[in-house]
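First the structure, in the form of structure tokens, and then the observations on it.
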Amino acid sequence: LLFCKDPRCFCFSYPRMCSSSSDPRSLCRLSQACKRIYMFISRDAVWRKIAKDIINTGMTRQGIDLCPSIPLKDRVRVSHNWIHGVCRKEVLLKWKINLLPWIQLDCDVLYLSQAANISAYHLRAEGGKLQNNRVALFSGHQEDVCRFTLTDTHLISAGGDSKIIVHDRGNDYSVEYYGHNQEVNCIDCKGGVIVSGSRDKTAKIWALAPDRFGQCLHTIPTYDRVWSVAISPSLCNFVTGTACCENFAPLRIWDTQRCHLVSCLGTEFRRGAGVLDIAYESPFQLLTCGYDTFIRYWDLRVCSRKCVMEWEEPHDSALYCIKTDKNHMIASGSSYYGVVRFWDKRQTRCLQMFQLAPTTSSPVYSLCFNTTHLYAALASVLYSLDFRTAASQSWK
């Protein structure tokens, strides 16, 4: 890029002005001065600091860019639509009977469980909608799929028939794991290790290695129904979330290798305050939610007995699921009327609220999002919120 060397020209000072500008409005106005300034301001380096300070731009707290193929300037523009709730709601899929669906998003493929099957749909690049025909179908359960998780090569599902099925995403090969006596409510997999939790009051550790398929490595008695599990990114430990119907802490951290109890999170949980979802942000930081209507943020470096932050659902509804952008934003799904809420960790109140099904008392069983769309699965419908609308007023 060639710079004008005439100090009387406006272009002479724009690198310094870009570095001193700290808000999108100023940068956008500055980019209208001339073509050279526009080209310079369109660079990701100019927007990196701004993108890290606002919600859902694909920038993590550590400064890692999760979506390098999309210009940061465009992601910052769309982020302002998330902040102000500017979006378009669409129905992507409907089915006739009420189910407990679960969804996962992997790049441009959306995976959706319906009854005993899991379908994979490509998302259209131009609108985020589902393509008409599914690209894959994963089956094998005799009862409903409760949860499933994805790795680079496998899809691992847990069902009400007490089975765990490991599907190869590249072909039709699958392996069934047996070991639980009742329905398997939750599943997670990282680094070749699978952790499952069941209504039979146990958590089990399994190997994903080809020579040890189906082999249960350890069984951990939890003495309470297990509703959620999550493996730490460090792979050293994992967390179980239980129903909190017995005299045991509902959130417990276990050592992956030795399978002994490392610590319990929190104290004085109310009876029935079961933990329905857990999301790790780093090896030391995680989010939890459940029947007691709170989202809690735990930092294991500070204290395991008390969460560092918490947010209460204002309508006293149970929280079925949470997702995080690994920076400032949390999205949660509530138990009534398809309510989805956005939370900014730096604020105490809800940032935005969307009532997806005002006439139907359905929970949001699962949700996921990228930088442009949010997808939410209710009992009989799959919704999308498209935030790629016209720029918000703060940009004008």
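In what follows, every heavy atom counts, from backbone to side chain, and hydrogens, waters and symmetry copies are set aside.
In terms of modelled atom types and a separation under 3.5 Å, the side chain of D74 and the main chain of R77 share no donor-acceptor contact. T57 contributes a side-chain N or O that, together with a main-chain N or O of A51, makes up a donor-acceptor pair within less than 3.5 Å. The main-chain N or O of K201 is found under 3.5 Å from a side-chain atom of T222 such that the two form a donor-acceptor pair. Side chain of N237 to main chain of W254: no donor-acceptor pair is present (N/O by atom type, distance under 3.5 Å, no hydrogens or angles). With hydrogens and angles ignored, the 3.5 Å screen pairs no side-chain donor or acceptor of W227 with any backbone N or O of G290. With S228 contributing its side chain and V275 its backbone, the two residues share a donor-acceptor pair below 3.5 Å. Counting only distance, with no hydrogens or angles, the side chain of Q355 and the backbone of Y337 share no donor-acceptor pair below 3.5 Å. With K163 contributing its side chain and S157 its backbone, the two residues share no donor-acceptor pair below 3.5 Å.
There is a side-chain donor-acceptor pair under 3.5 Å between E313 and S334. No side-chain donor from either of T360 and S362 sits under 3.5 Å from a side-chain acceptor of the other. There is no side-chain donor-acceptor pair under 3.5 Å between Q182 and S198. Side-chain polar atoms of R341 and S332 form no donor-acceptor pair below 3.5 angstrom. If you check the side chains of W206 and S196, you find a donor sitting under 3.5 Å from an acceptor. Of the N and O atoms on the side chains of Q62 and K326, not one donor lies less than 3.5 Å from an acceptor on the other residue. Of the N and O atoms on the side chains of Y111 and R134, not one donor lies less than 3.5 Å from an acceptor on the other residue.
Residues I55 and D344 form a side-chain contact, since some pair of their non-hydrogen atoms from C-beta on lies under 4.5 Å apart. When side chains are defined from C-beta on, L385 counts as touching F387, because their heavy atoms get closer than 4.5 Å. Under the 4.5 Å side-chain criterion, counting only non-hydrogen atoms from C-beta, R252 is in contact with T242. Side-chain contact between C189 and L208 is present, with at least one heavy-atom pair separated by less than 4.5 Å. Annotation: side chain of W298 is not in contact with side chain of E310 (no heavy-atom distance under 4.5 Å). No side-chain heavy atom of R147 sits under 4.5 Å from any side-chain heavy atom of V229. A 4.5 Å side-chain heavy-atom check between V226 and T202 finds every atom pair outside the cut-off. Side-chain contact between I322 and I295 is present, with heavy atoms from C-beta onward closer than 4.5 Å.
Minimum interatomic distance between I103 and A377 (heavy atoms only, all atoms of both residues): CG2-CB, 4.0 Å. Pairing each heavy atom of L276 with each of L319, the nearest pair is CD1-O, 3.6 Å. Scanning both residues, F369 and N56, for their nearest heavy atoms gives CE1-OD1, 3.5 Å. Looking at every heavy atom in both residues, C216 comes nearest to T219 through SG-OG1, 3.7 Å.
Under the 6.0 Å distance and 45° angle rule, K345 counts as a cation-pi partner of Y297.
Residues F342 and F354 bring their aromatic ring centres within 6.0 Å.
Here the CZ atom belonging to R75 is positioned 11.5 Å from the CG atom belonging to N370, to the nearest 0.5 angstrom. Expressed to the nearest 0.5 Å, how far SG of C236 lies from CD1 of I231 amounts to 12.0 Å. Rounding to the nearest 0.5 angstrom, the gap separating the CG atom in L130 from the NE2 atom in H122 is 11.5 Å. Between the OG atom in S79 and the CG atom in N81 there is a gap of 8.5 Å [rounded to 0.5 Å].
Residues forming a salt bridge (Lys or Arg N to Asp or Glu O under 4.0 Å) with D200 (at least two apart in sequence, or on another chain): none.
There is no path of hydrophobic side-chain contacts, each under 4.5 Å, that joins L374 to L382. A continuous path of ILVMFWY side-chain contacts below 4.5 Å connects Y375 to W95, so both sit in one hydrophobic cluster.
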Inset, instruction - Any chance you could lay out the side-chain hydrogen bond (donor to acceptor under 3.5 Å, both in side chains) test for D255 and H260, step after step, and finish with the verdict? - result: CA-CA 6 Å; D255 186 279; H260 67 255; 4.6 Å; no

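Using a 30° and 60° split on the angle between ring planes, W311 and W343 fall in the tilted class, from 30° to 60°.
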